[in-house]
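What follows is a set of notes on a single structure, which appears directly below.
No hydrogens, no waters, no symmetry mates; every other heavy atom, side chains included, goes into these values.
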Amino acid sequence: MIKIENLLKVILVMLMLTSSFVVHSANKLDGVRIWAAPESTRVVFDLTHAPTYTHFTLTSPSRLVVDLKGTTTALNLGKLANNSKLVKRVRISQPPSKGTLRLVIDLVKPVKASLFSLQPTAPYGNRLVVDLDASRSSVTVGQPSKPTQKLRDVVIAIDAGHGGDDPGSIGPSGIYEKKVVLEIAKKLQTKINATPGMRAVMTRTGDYFVNLNKRSEIARTSGADLLLSIHADAFTSPQPRGASVWILSMSRANSEIGRWLEQKEKHSELLGGAGEIIQNTDNEQYLAMTLLDMSMDRSMAISHNIADDVLVNLGKVTRLHKHKPESASFAVLKSPDIPSILIETGFISNHQEERLLTQREHQNNLAKAVYKGVVNYFETNPPVNSLMASRDMRKHNVRKGESLSVIAHRYQVSVTSIKKANNLKSNNIRIGQKLVIPRA
């Protein structure tokens, strides 16, 4: 009998300990944040532990219901800051069972919802992220444009990295990369829009997150001739510093071509009229592969040339970490049809460069350097049917190994006409010299 009593006591203690453990290990909702973009919204639930959740949608009216198991909260969601055009409010509703926290996102209209959890990353802890996108049903991609004789602008898509719930790298004094790069991007936008024949398109204009695939999609639907992604580097130690420019690696390029090939509905989007012609033919995949290869080769060649020009100009206003364009597998550079480069404006993890990156004058110098590199390329290589191509004169920056005869052959003009346009007395030219190239 005594043994049974002892056994019961042990079981009782274990049950008490287990109960205590459950109470202490229960999840807690500490905060809710709403990040609004023009056509999407991100809702972030801050939690003490990794969430266990389910979700479903309701109509009439539109709602997204999220059930967080083993979760409690003391938050007053009635005071939640909200500037979203998609979310009316976030509220707590009657739970389906004890120990479950039911959250309801009342929506303005039906949206596509994507939910995923994130592990702690400074300055945030565990999070459940809800991405709401209303643009997919309203945006039409790859529609053939109507024939027009109007000369077009050269379109530059400017992508300020990170944003919203994604701060990017954080400097020693707490400066966020997302803030610095948006300021630089806006200065670059102003310079491009002030240039006749050029127009800038921003992938984000405020402090909100844009999906990486969406950034490329914005560039494509805008008819961008180039995508520039602006970032600030970081390292585990404060010593590294300097700017660098990156282009897509060949391994990532090949994998992206394979991915696009599998999506037959995207062929017309990427290849325009050629995609429609080859669609549903016996050799569609092989023809698409050939055309995509050609498109990627062209894009990477243009990217490399522009990266060279941008690096040269960055080297005049700041220290360089890499003196030649580097290649990497950055997701934002993956489009096979759009030349794309990623610019690391400096190391925000370095005390001195963090301070520089927050200064308006330095930001302006960086934007001007990128601008000069881009303009130099498109003045020399203006797209067909663009205002830049219609100008009587073009400009060329002399590079190492070039002679007047090489340059004349490239532009299909005579050496004499180049000398006459530039008042040259001899055939001698120097690296870095700017030449005016007359039309043939």
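Listed here is the closest heavy atom pair of His351 and Pro172: NE2-CB, 3.5 Å. For Thr71 against Leu101, the heavy-atom pair with the smallest separation is O-CB, 3.5 Å. Shown here for Ala232 and Leu357, the closest heavy-atom pair between the two residues is CB-CD1, 4.2 Å. Nearest heavy atom pair, residue Ala234 against residue Ile348, reads CB-CG2, 4.3 Å. Among all heavy-atom pairs drawn from Gly161 and Arg204, the shortest one is O-NH2, 2.9 Å. Residues Leu64 and Ala113 share a closest heavy-atom pair of CD2-CB, 4.1 Å.
Here Glu217 pairs with Lys214 in a salt bridge; the nearest charged N to carboxylate O distance falls below 4.0 Å. Under 4.0 Å is where a charged nitrogen must lie from a carboxylate oxygen, and between Arg63 and Asp106 no such pair does. Salt bridge Asp30/Arg127: absent, no basic N to carboxylate O contact under 4.0 Å. Salt bridge status for Lys187 with Glu183: absent, with no side-chain N to carboxylate O gap under 4.0 Å. Looking at Lys322 and Asp233, no side-chain N of the basic residue comes within less than 4.0 Å of a carboxylate O on the acidic one, giving no salt bridge.
Two residues are said to be in side-chain contact when any heavy atoms from C-beta on lie closer than 4.5 Å; Met198 and Met388 meet this criterion. Proximity of Ile341 to Val310: side-chain heavy atoms (C-beta onward) are separated by under 4.5 Å at one or more points. At a threshold of 4.5 Å between non-hydrogen side-chain atoms, the residues Leu435 and Leu404 count as touching. Using a 4.5 Å cut-off on side-chain heavy atoms (C-beta onward), Val374 and Glu379 make no contact. When side chains are defined from C-beta on, Thr380 does not count as touching Asn397, because their heavy atoms never get closer than 4.5 Å. Residues Phe235 and Asn350 are not in side-chain contact: their nearest non-hydrogen atoms beyond the backbone lie 4.5 Å or more apart. Within the 4.5 Å cutoff, the side chain of Tyr208 has no heavy atoms near those of the Thr41 side chain. Using a 4.5 Å heavy-atom cutoff, the side chains of Val398 and Arg430 are not in contact.
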If you apply the rule side chain to side chain contact (heavy atoms under 4.5 Å, CB included), what do you find for Val65 with Leu58, and how did you get there? CA-CA 8 Å; Val65 180; Leu58 296 172; 3.9 Å; yes
Going through the distances and angles, do Asp309 and Arg399 end up as a salt bridge (charged side-chain N to carboxylate O under 4.0 Å, His left out)? CA-CA 10 Å; Asp309 280 341; Arg399 297 184 179 184; 3.2 Å; yes
Any chance you could lay out the side chain to side chain contact (heavy atoms under 4.5 Å, CB included) test for Arg241 and His321, step after step, and finish with the verdict? CA-CA 6 Å; Arg241 57 179 301 189; His321 183 66; over 6 Å; no
Worked check of side chain to side chain contact (heavy atoms under 4.5 Å, CB included) between Val406 and His409: CA-CA 5 Å; Val406 169; His409 178 74; 5.9 Å; no
Decide side chain to side chain contact (heavy atoms under 4.5 Å, CB included) for Ile343 and Trp246; before the verdict, give the C-alpha distance in whole Å, the side-chain angles of both, and the deciding distance to 0.1 Å. CA-CA 6 Å; Ile343 300 155; Trp246 298 78; over 6 Å; no
Step by step, would you call Lys191 with Asn364 a side chain to side chain donor-acceptor pair (under 3.5 Å)? CA-CA 10 Å; Lys191 296 179 189 303; Asn364 193 59; 3.0 Å; yes
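Among Leu311, Val245, Val312, the one residue that satisfies the side-chain contact (heavy atoms from CB on, under 4.5 Å) test with Leu320 is Leu311. Of the options Val154, Asp153, Val155, a side-chain contact (heavy atoms from CB on, under 4.5 Å) to Pro383 is made by Val154 and by none of the others. Put simply, the residue from Asp166, Asp165, Asp207 that forms a side chain to side chain donor-acceptor pair (under 3.5 Å) with Lys178 is Asp207.
The closest side-chain donor-acceptor pair between Tyr371 and Thr195 falls under 3.5 angstrom. Side-chain contact check for Glu354 and Ser173: at least one donor-acceptor pair (N or O, by modelled atom type) lies under 3.5 Å. Between Ser414 and Thr416, the side chains place no donor N or O within less than 3.5 Å of an acceptor N or O (distance only, hydrogens not considered). Under 3.5 Å, the side chains of Asp133 and Ser40 contain no donor-acceptor pair of N or O atoms. Checking Asn313 against Lys368 by side-chain atom types alone, no donor-acceptor pair falls below 3.5 Å. Side-chain polar atoms of Asp131 and Ser114 form no donor-acceptor pair below 3.5 angstrom. If you check the side chains of Lys419 and Asn427, you find a donor sitting under 3.5 Å from an acceptor.
Here the straight-line distance linking atom CG of Leu77 with atom CG of Leu103 works out to 6.5 Å at 0.5 Å rounding. Thr318 contributes atom OG1, which lies 4.0 Å from atom NE2 of His362 (distance to the nearest 0.5 angstrom). Separation of atoms CG (Leu47) and CG (Asn126) is listed at 7.0 Å; rounding is to 0.5 Å. Taken from CG in Leu132 to OG in Ser62, the straight-line distance is 11.0 Å, to the nearest 0.5 Å. With rounding to the nearest 0.5 angstrom, the OG1 atom of Thr73 is 10.0 Å from the CZ atom of Phe45. Put simply, CG on Asn381 and NE2 on His396 are 9.0 Å apart, with the number rounded to the nearest 0.5 Å.
At distances below 3.5 Å, not a single donor-acceptor pair connects side-chain atoms of Ser417 with backbone N or O atoms of Val413. The backbone N or O of Ile338 sits less than 3.5 Å from a side-chain atom of Ser340, completing a donor-acceptor pair. Using a distance-only test at 3.5 Å, with no hydrogens or angles considered, a donor-acceptor pair links the side chain of Ser426 to the main chain of Asn428. Between the side chain of Asn27 and the backbone N or O of His49 there is at least one donor-acceptor pair closer than 3.5 Å. In terms of modelled atom types and a separation under 3.5 Å, the side chain of Glu353 and the main chain of Phe347 share a donor-acceptor contact.
Annotation: Glu361, atom CD; neighbour count of heavy atoms from other residues, nucleotides and ligands within 6.0 Å does not exceed 12.
Here Phe209 and His162 keep their ring centres 6.0 angstrom or further from each other.
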